[in-house]
Every structure is written in C-alpha cells, then in structure tokens.
A.B. asks: 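Handing you this structure, nothing more for now.
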Amino acid sequence: MSFIIRSVRHDDLNQLVDLAKQFNLLNLPGDRKVLSEKIDRSEQSFAGKLEKDKAEYLFVVEDLEEKLIVGSSLVIAKHGNDDVPHSAFKVLKRDHFSSDLGIGFIHQVLRFQLDFDGPTEIGGLLVDKSYRRRPEKLGKQISLSRFLYMALHPDRFEERVLCELTPPLTEEGRSEFWEALGRRFTGLPYQEADLLSQSHKEFIESLFPQEDIYLALLDSKARLVLGRVGEATKPAQHLLESIGFHYLDEVDPFDGGPHYGARLHEILPVKYGKRAKVTEFPDASYKDQMLVATTGEEFMASLCSVDLRTSAEGNQVAVAPKARTILGLEVGDEVYLAPFHYNRGK
Ligand SMILES: NC(=[NH2+])NCCC[C@H](N)C(=O)O
C-alpha cells in the first residue's frame with residue numbers, strides 16, 4: 001500500500017465531501033459548497049496569494065493504488081483578528097478561606113476572553129473509518145505532515161499554535177456544557193449556535209456573560225465534561241501531547257472542549273526536523289522511518305524508510321526506492337525530514 005500526503009486539489013472535491021460527511025467537523029463540514037470554497041482558499045494559500053488573516057491550508061492523504069482520498073488535516077494561519085476575534089473561557093482558580101471556621105475552597109471560575117491577535121489553529125483531522133487502526137497510522141501521518149509544511153514556511157504562521165479539541169457530546173449531539181451555560185444566554189440549541197458561529201461571531205461577544213462564572217454554580221453534568229475530550233478525540237489528544245502540546249487552561253465557550261497549545265518551534269517535528277539533500281549510498285540501509293516532505297512548488301510528504309547521514313557538507317539522505325518514486329525525488333533535491341516516533345514528554 002502506498003500513501004501520499006499533499007495539498008488539496010479541486011478534483012478531490014467529490015471524495016472530500018464523502019469523507020467529511022462521515023464526521024461533520026465544525027471547521028470541515030460535509031457540505032459541498034463550503035468544501036469547494038475551502039479548496040479554493042487552500043490552493044490560493046499554498047500559492048502565497050492570501051493574507052495571513054485569510055489563509056487556510058488543507059492537506060489530504062491519498063491511497064495511491066485505489067486513487068482514494070482517505071484523510072485530511074487543516075491549518076488556519078490565524079484564528080482571531082480585529083474584525084473577528086477568537087473567543088474562549090479561561091479557567092482560573094480562586095481561593096476562599098474562612099479563618100473563623102478554618103475551612104477553605106479552591107474554586108474554579110470561567111472568564112470570557114477575546115483574542116484580537118489570535119494564534120494559528122490546527123484542526124480538520126479526518127481519517128476514513130475503514131482506514132483507521134492500520135499499521136501505517138494514517139491519522140498520525142496526516143496530522144504530523146502539516147508541521148513539516150509549517151516548519152518550511154514559519155513566516156506564514158503564528159508562533160502560537162492552538163488546537164480546539166472536541167468534547168464529549170450526548171448521543172443526539174447535544175452538549176451538556178452548552179445546556180448549562182450558553183443556552184441560557186442565547187436561547188439557541190447547541191447545533192444551531194455551533195453552525196451559526198462559523199459565519200457569525202457577534203452574538204457570542206454580545207450575549208455571553210462577561211463576569212466570572214463560578215463552576216460550582218453549574219450543573220454537575222456540565223462540570224463533568226469541562227476540559228474533557230470525547231472518546232473519538234482521545235487518540236488526537238495523545239498524539240498532540242506526545243509532540244509537545246499542553247492544555248492551556250482554556251476551553252471552548254460553547255461546549256467546554258479543551259484548548260491545547262504549543263509554540264511552533266517547540267513542536268517536536270519542527271524542533272527535530274531538518275533539511276537534507278537527496279543522495280544515493282552504495283551501502284544504504286534504510287532502517288529509519290521518517291516523514292519526508294518535498295520543498296518545491298507542490299507540497300508532498302510521505303512516511304519513508306531512509307538512511308540519513310550528517311557530514312561536513314550537511315545532511316544527506318537516501319530514500320528507499322518506492323517512496324522516492326512517490327515523492328518524485330531526484331538526487332540533489334532538497335527535502336525536509338522529521339521523526340515519526342516520539343516518546344511522550346521527551
Ligand atoms: N463550538 C463553537 N462553535 N464555539 C464557538 C466558537 C469558538 C471559537 N474559538 C471562536 O471564537 O471562533
């Protein structure tokens with residue numbers, strides 16, 4: 001089986017709609033018109049034609065034998081600006097102590113905040129249901145590959161990188177956190193508000209409470225999901241933790257889903273990634289698996305068996321023949337390489 005990760009193209013649209021329909025993520029809905037616009041936007045972004053405020057980069061993974069798009073991931077270059085700020089609840093601690101009674105409480109409070117100079121946001125991670133749990137770890141490949149692109153073009157992104165993780169929802173797709181809070185301030189059902197927030201943000205700022213909210217006052221069902229992720233999101237959460245992301249003590253104002261973040265240059269595939277020249281070694285052994293990305297016009301990446309050597313002339317890499325063909329690499333080409341395996345916390 002061979003897979004390639006690359007920037008999205010317009011002729012991927014039909015397949016992408018089918019894939020996105022399986023999940024219906026907020027920033028990658030299964031809607032033909034929205035996805036068609038996303039592809040346009042992505043093509044222009046990769047071509048460097050859009051301002052950071054507008055740029056969104058969409059990556060897909062293709063099964064080359066079946067010619068099938070089986071996964072995707074997204075990078076929004078900047079989420080939150082002067083016109084459309086990014087909103088969140090900061091989760092703070094507050095101590096109360098009674099010296100008369102000798103008892104105290106450490107309360108958690110939520111504080112609504114707006115970010116007018118927002119971070120880069122990653123999201124849109126999808127893998128076709130029948131391609132999960134395969135030895136190739138496609139979810140990990142498509143998730144990590146976007147960091148190779150970001151490492152190659154750091155000026156196109158913010159130093160702060162954010163990921164808003166999906167919290168547990170009820171079987172009908174309702175959010176207990178929303179029922180206890182957002183609903184009481186907007187009068188809207190969760191799914192309607194969620195959808196509305198894709199195009200309209202003013203109501204969030206205008207209707208949400210501006211004062212600190214003590215968590216102790218919220219329904220226990222809402223407290224239970226605050227800062228938690230849903231079952232389906234746990235693998236993504238663990239992957240992010242293994243490459244340097246951490247919980248920001250910040251949650252989504254609607255559903256309480258946790259916000260994870262990292263500094264771009266501290267994300268391990270960026271920190272440990274390097275450029276190298278493609279070469280051939282007569283005694284090549286290809287015993288390391290690394291993600292390899294092209295550095296030319298079109299972004300392509302693949303998990304490759306490589307033999308990477310460092311000498312006075314710099315890094316040189318021999319790439320196993322099959323992967324080399326997939327990426328169309330010639331001797332002398334420059335590539336970007338990053339490790340694929342990370343030990344948590346290292
Ligand atoms: N689940 C939601 N729709 N949340 C509301 C949007 C929150 C998002 N961080 C923003 O301000 O754009």
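All ligand and atom numbering here is 1-based and tracks the order in the structure. These values consider heavy atoms only, across backbone and side chains, with no hydrogens, waters or symmetry-generated copies.
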A.B. asks: Less than 6.0 Å separating the ring centroids of Y57 and Y149?
C.D. replies: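 Aromatic pair counts; centres sit under 6.0 Å.
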A.B. asks: Just checking F299 against F59, ring centres under 6.0 Å apart?
C.D. replies: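 Ring-ring flag for F299/F59: true, centres closer than 6.0 Å.
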A.B. asks: With a 4.0 angstrom cut-off on heavy atoms, strictly below it, pick out the residues next to ligand 1 and order them by chain and number.
C.D. replies: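 Residues within 4.0 Å of ligand 1: L26, H79, H86, S87, E164, D194, S197, K201, D252, F254, D255.
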A.B. asks: Can you name the ring-ring contact (aromatic ring centres under 6.0 Å, His included) partners of H200, sequence neighbours left out?
C.D. replies: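 H200 satisfies ring-ring contact (aromatic ring centres under 6.0 Å, His included) with no residue once adjacent residues are dropped.
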A.B. asks: Under a 3.5 Å threshold, yes or no: a donor from one side chain and an acceptor from the other, between D249 and H259?
C.D. replies: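 Note: D249 and H259 side chains miss the donor-acceptor criterion.
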A.B. asks: I want to know whether H96 and F105 have ring centres closer than 6.0 Å.
C.D. replies: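 For H96 and F105, the ring centres are not under 6.0 Å apart.
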A.B. asks: Any ion pair linking R309 and D307 (charged N to carboxylate O, less than 4.0 Å)?
C.D. replies: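 Yes, this pair counts.
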